[in-house]
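In listed order, ligands and their atoms are each counted from 1.
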Amino acid sequence: MAGTTARVDLDGNTISPMTICMIGAGGFIGSHLCEKLMSETPHTVLAVDVYNDKIKHLLEPDSLPWSGRIQFHRLNIKNDSRLEGLIKCSDLTINLAAICTPADYNTRPLDTIYSNFIDALPVVKYCSENSKRLIHFSTCEVYGKTIGSYLPKDSPLRQDPAYYILKEDTSPCIFGSVEKQRWSYACAKQLIERLIYAEGAENGLEFTIVRPFNWIGPRMDFIPGIDGPSEGVPRVLACFSNNLLRREPLKLVDGGESQRTFIYIKDAIEAVFLMIENPARASGHIFNVGNPNNEVTVRQLAEMMTQVYSKVSGEDAIESPTIDVSSKEFYGEGYDDSDKRIPDMTIINKQLGWNPKTSLWDLLESTLTYQHRTYAEAIKQAIAKPSAN
Ligand SMILES: NC(=O)c1ccc[n+]([C@@H]2O[C@H](COP(=O)([O-])OP(=O)(O)OC[C@H]3O[C@@H](n4cnc5c(N)ncnc54)[C@H](O)[C@@H]3O)[C@@H](O)[C@H]2O)c1
Ligand SMILES: O=c1ccn([C@@H]2O[C@H](COP(=O)(O)OP(=O)(O)O[C@H]3OC[C@](O)(CO)[C@H]3O)[C@@H](O)[C@H]2O)c(=O)[nH]1
């Protein structure tokens, strides 16, 4: 129960209750952070977002044990003068707000760049000017492509970790050409990282930068036509969940050859907790947060999800569970991809002693159980309902 035993940091010091201004609190990661902060700590959250559907269960009814420790502020950080006041009255600001679905990067590059760079500027400025601590969410996409991806396909060096492991302090950021607008997001994230780093160096801003590597779990994105637009394209977990729920083949972009490491949201949130409560160990650092043991190709992910969904739903898989699509067909002009993403864990291990725990199979089992329970009935009804036209 929150607040009954004193919380101590990794060095044995008592942690005082703090007020956290969490921007983007209504999203996937924000909702999990808020949930754990409410149930396990005495901290207060000023939850800022334009939506609150994913945290409604924490805001209502008033009788919840943490009511009074979480306040929702519906505001758009693009144009709301209340933002500075909220940052000023908090001990820590966590900025999660962003456009962060790849389908937007090449089709809405301006919105993507504004969201990930321009809109984050006032947050950095207010933190710096008011001497407030900032935890800023960047992305593993700042690494772009691996050095190994430029070697010939049969080069033995491709097997050498030096050519693919992504290290915060030494790996380069390798993006495609400007016409490949996919990289608008990574580039905007990289520039805001550099600005935060410079504010730390020149003006003493106390910051931590988080680079998430494909965090997945319940409440990620939306299911098209159910709790999001029918034509919307969410991230891969929700795309594949949608296909499985509708008994459609899973679409493999460009053969599903790209590789990703997936981490369970609950493991990743543990890492963020350590950053929140151990400022002396976390400040001034950039942290990869991922699970290097959970690497698969997108094709393997599709196969695993098909098997796991069959188990949790009790339905046999369809006859042809996957179908190939080109990236142009799926995402449109200007799409490009990261080939492989394995995080180096040295820095987060040394500073915070953190390691991920959950296997890909286990995290898919709990996540797909959630997807089935949450959406299967709604999908059945949507399919049964004759369409409007
Ligand atoms: N989930 C991942 O695996 C992952 C990977 C890499 C990076 N990240 C980064 O982590 C952060 C959070 O990601 P997420 O997966 O929770 O995404 P999300 O889209 O679920 O959450 C982002 C939230 O920010 C809010 N928001 C966006 N613009 C806003 C604005 N102008 N004013 C107020 N609120 C605004 C959105 O409404 C949304 O609720 C993002 O910065 C993203 O780039 C996430
Ligand atoms: O139906 C689909 C959807 C996607 N793919 C391919 O899967 C790979 C992963 O896609 P996704 O999870 O949508 O996004 P990325 O990993 O490419 O990018 C994200 O990483 C972190 C973050 O910054 C925020 O979450 C974001 O940029 C990819 O190869 C798709 O092409 C598919 O085959 N079928």
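Within 6.0 Å of the NZ atom in Lys56, the count of heavy atoms belonging to other residues, nucleotides or ligands exceeds 12. Atom OH of Tyr370 has more than 12 neighbouring heavy atoms from other residues, nucleotides or ligands inside a 6.0 Å radius. Other residues, nucleotides and ligands place more than 12 heavy atoms under 6.0 Å from the CZ atom of Arg74.
Residue-ligand proximity, Asn214 to ligand 1, at heavy-atom distances under 4.0 Å covers atoms 3 (O). Here is the list of ligand 2 atoms found below 4.0 Å of a heavy atom in Arg182: 17 (O), 18 (O). Every atom of ligand 2 is numbered from 1 in the order shown, and the set under 4.0 Å from a heavy atom of Leu252 is 33 (O). Less than 4.0 angstrom separates some heavy atom of Tyr331 from each of these atoms of ligand 2: 3 (C), 4 (C), 5 (N), 30 (C), 31 (O). Remark: ligand 2 atoms within the under-4.0 Å shell around heavy atoms of Asn214 are 12 (O), 16 (O), 20 (O). Of all the atoms in ligand 1, the ones that sit under 4.0 Å from a non-hydrogen atom of Asn76 are 30 (C), 31 (N), 32 (N). Per-residue contacts place Lys251 under 4.0 angstrom from the following atoms of ligand 2 (heavy atoms of the residue considered): 1 (O), 2 (C), 32 (C), 33 (O), 34 (N). Interface of Ser258 with ligand 2, defined as ligand atoms under 4.0 Å from a residue heavy atom, comprises 29 (O). Of all the atoms in ligand 2, the ones that sit under 4.0 Å from a non-hydrogen atom of Cys100 are 24 (C), 25 (O), 26 (C). Within ligand 1, counting atoms from 1 as listed, the ones closer than 4.0 Å to a heavy atom of Tyr51 are 37 (O). Proximity to Arg235 (heavy-atom distance under 4.0 Å) selects the following atoms of ligand 2: 12 (O), 13 (O), 24 (C), 25 (O). Atoms of ligand 1 lying under 4.0 Å from any heavy atom of Gly24, numbered from 1 in the order shown and given with element: 23 (C), 24 (O), 25 (C). Atoms of ligand 1 found under 4.0 Å from any heavy atom of Gly26, numbered from 1 in the order shown, are 39 (O).
Aromatic ring pairs are classed by plane angle as parallel below 30°, tilted from 30° to 60° and perpendicular above 60°; the pair Tyr309 and His372 is perpendicular. A perpendicular orientation is assigned to the rings of His32 and Phe28, their planes being inclined by more than 60° (bins at 30° and 60°).
A donor-acceptor pair shorter than 3.5 Å can be found between the side chains of Asn355 and Asn349. A donor-acceptor contact closer than 3.5 angstrom links the side chains of Tyr264 and Ser366. Defined by atom type and a distance below 3.5 Å, a donor-acceptor pair is missing between the side-chain atoms of Glu168 and His285. Between Tyr335 and Arg182, the side chains place a donor N or O and an acceptor N or O closer than 3.5 Å (distance only, hydrogens not considered). For the residue pair Asp227 / Tyr375, a side-chain donor-acceptor distance below 3.5 Å is found, with atom types taken as modelled.
Where the criterion is an N or O separation shorter than 3.5 Å, residue side chain and backbone included, Lys189 meets it with respect to ligand 1. Between Trp215 and ligand 1, an N or O atom pair is found at a separation short of 3.5 Å. The distance criterion of under 3.5 Å between nitrogen or oxygen atoms is met by Leu96 with respect to ligand 1. Any N or O atom pair closer than 3.5 Å counts here, and Ile77 shares at least one such pair with ligand 1. The N/O atoms of Asp221, backbone and side chain alike, include none that comes under 3.5 Å of an N/O atom in ligand 1. Between Arg235 and ligand 1, at least one N/O pair is under 3.5 Å apart. Distances between N or O atoms of Phe28 and those of ligand 1 include at least one value under 3.5 Å. Considering both main-chain and side-chain atoms, Tyr185 comes within under 3.5 Å of ligand 1 through a nitrogen or oxygen pair. Residue contacts with ligand 2: Asn243 is placed with no nitrogen or oxygen under 3.5 Å of a nitrogen or oxygen of the ligand (distance criterion only). Checking only distances, Cys100 never comes within under 3.5 Å of ligand 1, N or O to N or O. At least one N or O atom of Ile29 sits closer than 3.5 Å to an N or O atom of ligand 1.
Here the shortest heavy-atom pairing between Arg108 and Thr112 reads O-OG1, 2.8 Å. Pairing each heavy atom of Ile318 with each of Glu248, the nearest pair is CD1-C, 3.6 Å.
Paired with Asp337 under the rule salt bridge (charged side-chain N to carboxylate O under 4.0 Å, His left out), one option of Lys180, Arg260, Lys145 passes, and it is Arg260.
The part of Ser138 lying near ligand 1 is the backbone, judged by heavy-atom distances below 4.0 Å. Under 4.0 angstrom from ligand 1, there are no non-hydrogen atoms of Lys54. With a 4.0 Å cut-off on non-hydrogen atoms, Val50 touches ligand 1 through its backbone as well as its side chain.
At least one side-chain heavy atom of Val210 sits under 4.5 Å from a side-chain heavy atom of Trp215.
Compare Val236, Asp254, Ile323 by their heavy atoms: the one nearest to atom 13 (O) of ligand 2 is in Val236. Distances from atom 33 (O) of ligand 2 to the heavy atoms of Val253, Leu250, Thr139, Thr322 show the closest one on Val253.
Geometrically, Arg7 does not engage Phe273 in a cation-pi contact, judged by NZ or CZ lying under 6.0 Å from the ring centre and within 45° of the ring axis. The cationic group of Lys251 does not satisfy the cation-pi geometry with Phe330, failing either the under 6.0 Å distance to the six-membered ring centre or the 45° limit from the ring axis.
At a threshold of 4.0 Å, the pair Asp324-Arg299 counts as salt-bridged, since one of the basic side-chain nitrogens sits closer than that to a carboxylate oxygen. Taking 4.0 Å as the cut-off between side-chain N and carboxylate O, Lys125 and Glu84 do not count as a salt-bridged pair. Salt bridge annotation for Asp267-Lys357: absent, with no cationic side-chain nitrogen under 4.0 angstrom from a carboxylate oxygen.
A heavy-atom separation below 4.0 Å is found between Leu75 and ligand 1. Residue Ser115 places every heavy atom at 4.0 Å or more from ligand 1. Put simply, no part of Phe213 is less than 4.0 Å from ligand 2, judged by heavy atoms. Contact annotation: Arg341 has at least one heavy atom less than 4.0 Å from an atom of ligand 2.
What sits closest to atom 8 (C) of ligand 2 on the protein, heavy atoms only, is Val298 CG2, 3.6 Å. With respect to atom 27 (C) of ligand 1, the closest heavy atom belonging to the protein is Ala98 N, 3.5 Å.
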